[in-house]
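Working notes, structure below.
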Amino acid sequence: MQEKIVILDFGSQTTQLIGRRIRELNIYSEIIPYNKYPYGKEKEEGIIGVILSGSPLSVYDKDAFRIDFEKLTGRVPVLGICYGAQLTAYNYGGSVESAPSREYGRAHLEFIDPECPLFHGIEKGAQVWMSHGDTITALPEGFECVASTSHVTFAAFQAPETMGQLWGVQFHPEVFHSTCGMQLLQNFAVDICGASRSWSAESFIETTVAELREQLGNDRVILGLSGGVDSSVAAVLLNRAIGKNLTCIFVDHGMLRKNEFTDVLRDYECLGLNVIGVDASDKFFADLAGVTDPERKRKIIGADFIEVFDAEASKITDARWLAQGTIYPDCIESLSITGTVIKSHHNVGGLPERMNLSLCEPLRLLFKDEVRAVGRALGMPEHLIKRHPFPGPGLAVRILGEVTREKVEILQNADHIFIQGLRDSGLYDQVWQAGVILLPVQSVGVMGDERTYERAVALRAVTSTDAMTADWAHLPYEFLAKVSNEIINKVKGVNRVCYDISSKPPATIEWE
Ligand code: XMP
């Protein structure tokens, strides 16, 4: 059984970050909703420690999320963070009150109990990040304060030994600004919980390949490749496990980046994948003719994709499985403020049921950076691994209005200049995602002695960690000037370039 630290989610925005930080320590972690803890089954499940996350709620809210501490403590070590700490204190008879002003931002630990194992190796003065509206004003009987800041007396506490190993910290060790946070999490997970730190890309590949062989036996598997990192890594991993029993299908809808279909297909073949490339662009363009509504465009592309994929997959008559590059953030059940568990997991439009295939998702436990690490350990080329995310409907959602072959070609050429420019200037890896948008606007310009009346494009580049929020990338003016010049000089039909400086929210990354 895989040993793991469980993070019980009370709905905080940083819950996933706690999970990632633990994984960065080479320890496997799992995030589960606060009301789904397998009480009493720690041994069977391999649980060696539990972290209680923060929450947007107050412990004294009528509908505050609660857990059964009596059944939890004493079995494995427990660490409460922020709300998790307040809930612990409140549960055992301490007081939690609304702070006179929200404690937010950097603070420094002015007192640390030198005996407390949670703070080993952390010096007085260490920086922590506070973000809470409530604060603990009295500890339960027998609990000890083990760290304070100038504003927060009970920045951290420890329960008496008789209650099992139980701590709480009111700051957020998981965020970057808590400079001692990793040390604290390591103290908890390694020293206190006894984690062996054996989770790595290599160990993941070894166990997953063995599991896939066991699960799939001699069955045939179909996988839809998109050119993106996740489906590519899933394919290479499955190829290692079952070789030629895996058939990959890569559909060209005609709205990929310039040369992408041929380049990526070549990469896949070099990786030894058994891949079928299907050029279905005529069908997609025909079905999109005259359509301008963004949602209709997406629906048509989605339905066409399924039809094309289905037709190709049906030729593999003895296939039993459909593999997908679903990753952990797609699977984590997130909590809404009402405590309802929401799962935002899409699979390819109901295909598995329709085709009577079982679903195989070998990356379902990995965060994006771990998928990349696995890809590297599998020997995949860096340009495939570091590829920016690209939307399934492709350039269709970057052409405002009707999609035609002519517009796609203009956009591909402009996009190619922008992306190549980012690569050449060493900026590609600094942005999360970038692309060009073809606007449904023509404007007046002058070229030589001629008046022009041509199209405008917008450049979009964002920084982000998960695409949920994003900021526009502050690219150097000189770089933008160079790209703008090159696009206007080289891409026929474009005489104006703008730069999109909207963040998400309230804008989105894509324009449609
Ligand atoms: P937005 O525009 O919602 O995009 O801020 C967030 C992320 O999702 C990508 N995206 C898509 N990916 N199919 C996909 O596979 C889609 O229909 C789709 N729409 C947006 C977008 O590129 C960004 O990374």
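Whatever order the structure lists ligands and atoms in, that order sets their numbers, starting from 1. Values reported hereafter were calculated over all heavy atoms of this structure, with side chains retained and with hydrogens, waters and symmetry mates removed.
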task = Would you sort out whether S198 and S203 count as a side chain to side chain donor-acceptor pair (under 3.5 Å), showing the intermediate values?
result = CA-CA 7 Å; S198 53; S203 73; 6.0 Å; no
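Between the side chain of T208 and the backbone N or O of F204, at least one donor-acceptor pair lies under 3.5 Å.
In this structure, CG in L57 is found 11.0 Å from OG in S12, a value given to the nearest 0.5 Å. Rounded to the nearest 0.5 angstrom, Q215 CD and W321 CH2 are separated by 4.0 Å.
Partner of D429 under the salt bridge (Lys or Arg N to Asp or Glu O under 4.0 Å) criterion, out of K386, R387, R423, R372: K386 alone.
Closer than 4.0 angstrom to ligand 1 by heavy atom are R298, P389, P391, G392, P393, Q433, A467, K504, T508, I509, E510, sorted by chain and number.
Under the 6.0 Å cut-off for aromatic ring centres, H388 and Y428 qualify, their centroids lying closer than that.
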